[in-house]
Visitor: 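A single structure is presented below for examination.
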2 protein chains.
Amino acid sequence: MVKEKQVRSTAAKQHIREILSKSETAMSQPEILEHSEGICDRVTIYRVLDRLLHEGEIHRAVGMDGITRYASCRQCDHDHGHQHDHLHFSCEVCGEVTCLEKVVPVLKLPRGYQAREASYMISGICPDCG
Amino acid sequence: MVKEKQVRSTAAKQHIREILSKSETAMSQPEILEHSEGICDRVTIYRVLDRLLHEGEIHRAVGMDGITRYASCRQCDHDHGHQHDHLHFSCEVCGEVTCLEKVVPVLKLPRGYQAREASYMISGICPDCG
DNA sequence: TATTTCATGCAACTCTGTTGCATTAATTAC
DNA sequence: GTAATTAATGCAACAGAGTTGCATGAAATA
């Protein structure tokens with residue numbers, strides 16, 4: 001019998017969830033920290049993000065700069081396997097990373113490879129900066 | 001008149017180029033350092049990789065771990081714009097990142113976005129570890 | 001061979017992300 | 001409501017990728 005770790009609702013978690021759900025762009029830990037008004041430590045932010053990630057409330061994408069950014073799940077299809085395989089765009093001018101939830105790359109993984117997580121990132125110039 | 005910076009051939013550059021061309025997988029700076037037999041400093045490796053990247057000899061992909069890995073250009077199509085938009089697979093067991101040069105994701109970037117570099121990464125379990 | 005200019009080594013640094021541990025707070029059972 | 005349980009937090013310290021400044025060394029060119 002495996003004991004499931006119970007999910008606890010805390011102030012930090014609610015706060016971070018709200019920051020992400022209000023954001024138009026995917027946010028990194030430092031960006032979240034800026035908007036958190038000192039509600040918690042930066043380590044806590046990392047840990048809350050991990051939990052939200054595992055609980056399926058948010059997804060992440062790694063930018064060309066190697067920084068992980070998080071975004072809440074919106075248009076993703078929870079009924080069909082809960083995939084977050086849409087494209088992300090990283091602007092080289094303003095630095096913002098945007099979820100392009102409607103753009104889902106099509107590909108065929110060769111035999112033998114088992115996919116668990118995808119990160120599709122294109123960097124360039126976004127409409128606002130172009 | 002803009003003076004082009006001349007391309008110089010050095011021992012470190014040749015060595016690193018050879019390491020990458022012999023590798024079956026995309027390599028990070030620490031991995032290259034391990035195979036470099038102390039031929040040069042780790043900072044030099046970063047700088048050489050930057051040069052090879054700009055000269056179009058190699059391409060890079062950022063893994064889910066946020067680490068940048070480099071691979072030499074082989075099957076990429078130099079005659080048609082020199083794109084390195086193939087898929088990369090990051091194994092969660094052995095940690096290796098492989099170029100799947102034959103798998104090129106198909107997508108349509110929305111109007112207004114200008115692409116300059118792409119990084120398509122799927123993590124999971126590779127055929128050797130599955 | 002001398003000159004020019006690029007490449008290298010070294011040290012120090014920045015930044016993202018992680019870990020250990022003692023303390024605090026949310027659940028649960030009573 | 002209160003005590004017991006266990007997860008969450010804060011803090012400090014750490015790890016590792018990647019960068020920068022500067023003096024030195026080594027290609028390429030004439």
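Numbers restart at 1 for each chain; the letters A, B, ... are given by sequence-line order, proteins then strands.
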Visitor: Measure from CZ on B:R60 to P on D:dA17 and round the result to the nearest Å.
Guide: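 The answer, rounded to whole Å, is 16 Å.
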Visitor: Given atom OH of A:Y46 and atom P of D:dG10, what is their separation to the nearest angstrom?
Guide: 15 Å
Visitor: Does any donor atom in the side chain of A:S9 or A:Q14 lie under 3.5 Å from an acceptor atom in the other side chain?
Guide: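 Yes, because at least one side-chain N or O of A:S9 sits under 3.5 Å from a partner of the opposite role on A:Q14.
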Visitor: Students often get this wrong, so: under 4.0 angstrom with heavy atoms, is A:S28 touching a base, only sugar-phosphate, or nothing?
Guide: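 Answer is nothing: A:S28 stays at 4.0 Å or more from every strand.
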Visitor: For the helix from C:dT1-D:dA30 to C:dC30-D:dG1, what angle separates the axis at the start from the axis at the finish, each from five pairs, in steps of 10°?
Guide: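 That helix gives 40° between its end axes.
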Visitor: Please list, in numerical order, the residues of residues 16-24 of chain B that have a heavy atom closer than 4.0 Å to any atom of DNA chain C.
Guide: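 By residue number: none to list.
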Visitor: Distance check needed: D:dA8 C1' versus A:L49 CG, whole Å only.
Guide: 14 Å
Visitor: If I take atom OG from residue B:S119 and atom CE from residue A:M64, how far apart are they, to the nearest 0.5 angstrom?
Guide: 5.0 Å
Visitor: More than 12 heavy atoms of other residues, nucleotides or ligands under 6.0 Å from NE2 of A:H35: yes or no?
Guide: no
Visitor: So how far is it from B:D41 CG to B:R47 CZ, rounded to the nearest 0.5 Å?
Guide: 8.0 Å
Visitor: Measure the spacing between SG of B:C129 and OH of A:Y113 and express it to the nearest 0.5 Å.
Guide: 10.5 Å
Visitor: Measure the NZ-SG distance between B:K13 and B:C40 for me, rounded to the nearest 0.5 Å.
Guide: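 If I round to the nearest 0.5 Å, the distance is 13.0 Å.
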Visitor: Figure out the CD/P separation between A:E34 and C:dT16, and round it to whole Å.
Guide: 10 Å
Visitor: What's the CD1-C1' distance between A:I45 and C:dT19, to the nearest Å?
Guide: 17 Å
Visitor: For B:L53 and D:dG18, what is the distance between atoms CG and P respectively, to the nearest whole Å?
Guide: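 One finds 12 Å between P of D:dG18 and CG of B:L53, rounded.
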Visitor: Give, for atom OG of A:S72 and atom CE of A:M27, the distance between the pair rounded to the nearest 0.5 Å.
Guide: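 CE of A:M27 is found 10.5 Å from OG of A:S72.
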Visitor: Would you list the protein and nucleotides 7-10 of chain C atom pairs, both N or O, that sit under 3.5 Å from each other?
Guide:
{"from": "C:dA7", "atom 1": "OP1", "to": "B:R51", "atom 2": "NH1", "distance (Å)": "3.4"}
{"from": "C:dT8", "atom 1": "OP1", "to": "B:T10", "atom 2": "OG1", "distance (Å)": "2.8"}
{"from": "C:dT8", "atom 1": "OP2", "to": "B:R51", "atom 2": "NH2", "distance (Å)": "2.3"}
{"from": "C:dG9", "atom 1": "OP2", "to": "B:D41", "atom 2": "N", "distance (Å)": "2.8"}
{"from": "C:dG9", "atom 1": "OP2", "to": "B:T44", "atom 2": "OG1", "distance (Å)": "2.5"}
{"from": "C:dG9", "atom 1": "N7", "to": "B:R47", "atom 2": "NH2", "distance (Å)": "3.1"}
{"from": "C:dG9", "atom 1": "O6", "to": "B:R47", "atom 2": "NH2", "distance (Å)": "2.6"}

Visitor: So, the side chain of B:S36 versus the backbone of B:L33: is there a donor-acceptor pair under 3.5 Å, distance only?
Guide: yes
Visitor: Between D:dA17 atom P and A:M64 atom CE, what is the distance in whole Å?
Guide: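 Rounded to the whole Å, the gap is 18 Å.
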Visitor: Got a donor-acceptor contact below 3.5 angstrom from the B:R74 side chain to the B:E101 backbone?
Guide: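 No, the answer is negative, given that no donor and acceptor are paired below the 3.5 Å cut-off.
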Visitor: If you round to the nearest 0.5 Å, how far is CD of B:Q29 from CD1 of B:I67?
Guide: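 Atom-to-atom, B:I67:CD1 and B:Q29:CD are 10.0 Å apart.
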Visitor: Would A:R60 and A:E117 satisfy salt bridge (charged side-chain N to carboxylate O under 4.0 Å, His left out), going step by step from the backbone distance to the final call?
Guide: CA-CA 9 Å; A:R60 63 174 177 174; A:E117 192 174 0; 2.9 Å; yes
Visitor: Please give, in whole Å, the distance from C:dT18 P to A:I67 CD1?
Guide: 13 Å
Visitor: Which part of the nucleic acid does B:S9 contact within heavy-atom distance under 4.0 Å: base, sugar-phosphate only, or nothing?
Guide: sugar-phosphate
